[in-house]
Protein chains: 4
Amino acid sequence: MSPTAPIPDSTVPNSDSRYDRQLAKILEHATAIFYEKGYEGASIRDLSRASGMSLAGLYYYFESKEKLLYVIQRHLFLSVMDLVRERLREETDPEQRVRVFILTHLEYFLANPKSMKVLSHEDDVLKEELGADIANLKRQYYRCAADLVDALKAAKGLQFNSRVAVLSLFGMMNWIYTWYNPHVDGDAKLLAREIGDVFLGGIYATLAPPPA
Amino acid sequence: MSPTAPIPDSTVPNSDSRYDRQLAKILEHATAIFYEKGYEGASIRDLSRASGMSLAGLYYYFESKEKLLYVIQRHLFLSVMDLVRERLREETDPEQRVRVFILTHLEYFLANPKSMKVLSHEDDVLKEELGADIANLKRQYYRCAADLVDALKAAKGLQFNSRVAVLSLFGMMNWIYTWYNPHVDGDAKLLAREIGDVFLGGIYATLAPPPA
Amino acid sequence: MSPTAPIPDSTVPNSDSRYDRQLAKILEHATAIFYEKGYEGASIRDLSRASGMSLAGLYYYFESKEKLLYVIQRHLFLSVMDLVRERLREETDPEQRVRVFILTHLEYFLANPKSMKVLSHEDDVLKEELGADIANLKRQYYRCAADLVDALKAAKGLQFNSRVAVLSLFGMMNWIYTWYNPHVDGDAKLLAREIGDVFLGGIYATLAPPPA
Amino acid sequence: MSPTAPIPDSTVPNSDSRYDRQLAKILEHATAIFYEKGYEGASIRDLSRASGMSLAGLYYYFESKEKLLYVIQRHLFLSVMDLVRERLREETDPEQRVRVFILTHLEYFLANPKSMKVLSHEDDVLKEELGADIANLKRQYYRCAADLVDALKAAKGLQFNSRVAVLSLFGMMNWIYTWYNPHVDGDAKLLAREIGDVFLGGIYATLAPPPA
DNA sequence: GATGAATGAGGTTTCATTCAT
DNA sequence: TATGAATGAAACCTCATTCAT
């Protein structure tokens, strides 16, 4: 296990032009505010105050509050998926591939802690095409994890309900934003090991009957 | 494992008087609306429409939107805790006790599916005393699970980080509201077994080094 | 100057029956609340809380908030006018008669300090017939004072604008509720003397040219 | 006695920019509405109707109804105090200085008749810091008058209770809004003379015993 | 005599958003 | 690019009042 692709230190796309830099700043503030107050509870005025840009000025960068959330969520999915793909490229062992997924997910979101909540907590607020698009990305991401788990399952001849197992794994990981405390719980590497142990120990146990 | 205490089929307190029945109805509608739109996204007008009672009339039953959420959340915690205590009374085996906890939690919230979200998703919207009170109940509930897990850990001589393990267990269980489909995923009993298997298999695996 | 008619120690009509006693209690609480919050700022709910009677129960005693204020104001005017008439009966000296008026007014309203504000401050909130009726009583009360002043004016051969003088006198007296502090300003007798001195000194000065 | 500083013909600050002009218009309408209905009885909707600006638009100019009243009252106190100071600069005779105060007060508030009520009648509705700030200005204004009266008292060797005398003077002047009718009562100059006569005659009379 | 339950209207304030500049 | 000014809709909540009991 030696992932090498770097964790982006920001929650927003790389930026070159002045426009891009401004947009990046706005998205960062928006993420922070959605994190604090939730999508519905956050107001564009809050964002205006936080970013120092006028209310009207913000609308030059996004066309609606919904689109704003969309852009943020889309970027998060795309970049964590990129990172996962990148890191999986170097690993072939089925178990390690699952561990890489877990570690990458945790590293990414523990490096951008507010993002984890904005993705998890505001999961179903987007409707229509926007919502469908995000749901699609989410499905791809799920599929990616499920494929890794299924590969391991096949390789080891395990027997368990993949759907429930994978969704439980996501539950463990996505719930973290409600309790994670860096001083108490250690870094992503530690957490990934612990959670990976529970998960893998759990599915491996389906080989033999569990100890009485 | 033979829990016998019945699952309340409603999300609200038992009701006798006309007042209680009306209140119960309102809380039920409110739960449904908080489920659909989230606390912030739900409006008292929505509740008025759904319950068929006038806006002003609703305020006869609760003094503020906040208090309304508070009453709902408090009732949920108290009644699931009651149920857990009730059912644990009959069980002494450490592993079974953990399984009873998982099953009870899932049975309760799968019987009241909207409640699970209202409890999980609107976890931190209550502030001040109200928020502190709910946080306190949550802590008790967590403590209850943690004690069961620690008892099992001691009984079997296992070695793992209890905090992370228990919080992961809650992650698996509380995440369910985002994906549960009764037609696909079976009932609470099945789900409780699967999740219990993963969790218990996971922590049992800490006895011996995990298989390579 | 020896007024003898007693100052009613209450702001409400004498009460015999249970109904009357209840009504009296309600009017007293209402006066207190109108005093504290003003007519517009006071709510029937405030009155309900203060009086310990249910919202609906109050309406057995008065038919509307307007009528409630009306009853209070009417009673105040009638009883202070009664008192004035009573005490004037014993006095014939024109100056003393003016002084009796001032003293009675101040004694009455300093004994019922909240009433003074409810009468002065909520002077023009009543509309239509109710308002006209109160305005009529007020006019009578004004007329009474004006007659006393005019009698003195004639008796002493003074020259001044009666209207402005009398209204100024009322200004001095009715403004008291904004500043009166019993510990600092003494009792009604003292205040009546001081204000009487200013007023009478002022109008007497119209005999001779004022000192340079 | 020849005061020369001009009376502002408006109740609101001078305005230059478009924003200032709009704000001035709003404050003027607000003063009129507070005059008509009282602070509590006036609604922002009333103001919206009167000013022709949308409800929400108004909030661009003030942050709350309370702040709105505050701005109005503060401006009134500051500008009448300015005017008084300005005019006192040219006068040294103690009696004339008192007369200048009376005249200025009346000229200012008779030129802005609604303001007088908004200042007098809504005296104690502002709470906390806002209320304390206004109370402070009021105290300064009172102090100013009291100093003039005390100077006269000392100059003439008079003997009377300054507090009661000054507060009575304010009573006479501030009560005017309840009865003033320009067609009947003449202009500020006339009224100031009459009220000044009563007041000064009254306190001068404390030199010698009043005529029997 | 008194209340619990309910209501329509309206209160203040904030929302996301727009448009001329 | 960015803002100041403005808006219609809707937010939460309270109002005076009623009516069956």
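We use all heavy atoms of the structure for the numbers below, so side chains are in, but hydrogens, waters and symmetry mates are not. Chain naming here is simple, since letters A, B, ... match the order of the sequence lines and numbering starts at 1 in each.
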Between [atom2] on [N] and [atom1] on [X], what's the gap in Å once rounded to a whole number?
X: I44(C); N: dT18(F); atom1: CD1; atom2: P; answer: 11 Å
X: E66(C); N: dC15(F); atom1: CD; atom2: P; answer: 18 Å
X: K25(D); N: dA5(F); atom1: NZ; atom2: P; answer: 14 Å
X: K67(B); N: dC12(F); atom1: NZ; atom2: P; answer: 17 Å
X: D20(B); N: dA5(E); atom1: CG; atom2: C1'; answer: 14 Å
X: E40(A); N: dT14(E); atom1: CD; atom2: C1'; answer: 14 Å
X: D46(B); N: dC13(F); atom1: CG; atom2: C1'; answer: 16 Å
X: L47(C); N: dT14(F); atom1: CG; atom2: C1'; answer: 16 Å

Sidechain-backbone polar pair: [X] side chain, [Y] backbone, donor-acceptor under 3.5 Å:
X: S48(D); Y: M53(D); value: yes
X: E122(B); Y: L69(B); value: no
X: D46(C); Y: S43(C); value: yes
X: K138(B); Y: D123(B); value: no

For E129(A), which residues count as a side-chain hydrogen bond (donor to acceptor under 3.5 Å, both in side chains) partner, sequence neighbours excluded?
none
Suppose we screen for side-chain hydrogen bond (donor to acceptor under 3.5 Å, both in side chains). Which residues come up paired with N136(A), at least two apart in sequence or across chains?
R139(A)
Among dT1(F), dC12(F), dT13(E), find the nucleotide with the atom closest to the side chain of Y59(B).
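Among dT1(F), dC12(F), dT13(E), the one nearest the side chain of Y59(B) is dC12(F).
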Identify, residue by residue, the members of residues 122-131 of chain C with a heavy atom below 4.0 Å from DNA chain F, and return them in order of residue number, or none.
none
Mind checking the CD1-OH spacing from I72(C) to Y35(C)? Nearest 0.5 Å is all I need.
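Answer rounded to 0.5 Å: 15.0 Å.
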Restricting to nitrogen or oxygen on both sides, can you table the protein-nucleotides 6-8 of chain E pairs closer than 3.5 Å?
residue, atom, partner, partner atom, Å
dA6(E), OP1, R18(B), NH2, 2.9
dA6(E), OP1, Q22(B), NE2, 2.7
dA6(E), OP2, Y61(B), OH, 2.0
dT7(E), OP2, S54(B), N, 2.9
dT7(E), OP2, S54(B), OG, 2.8
dT7(E), O5', S54(B), OG, 3.4

Quick one: stems involving DNA chain E, counted as three or more successive Watson-Crick or G-U pairs, both distances short of 3.5 Å.
E:2-21 with F:2-21
Short N-O contact, D20(D) and K25(D), less than 4.0 angstrom:
no
Note: R21(D)-D16(D) ion pair, threshold 4.0 Å (strictly below)
no
Distance to the ring centre below 6.0 angstrom and angle to the axis at most 45 degrees; does that hold for K117(B) and F34(B)?
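The answer is no; the distance or angle limit is not met.
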Give a yes/no answer on whether the side chain of S43(A) brings an N or O atom under 4.0 Å of OP1 or OP2 in dC15(E).
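Affirmative; the distance criterion is met.
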Start at the 5' end of DNA chain F and walk down; is the nucleotide closest to E63(B) or to E63(C) reached first?
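The residue closer to the strand's 5' end, by nearest nucleotide, is E63(B).
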Please enumerate all residues that pass salt bridge (charged side-chain N to carboxylate O under 4.0 Å, His left out) together with R45(D), with sequence neighbours excluded.
none
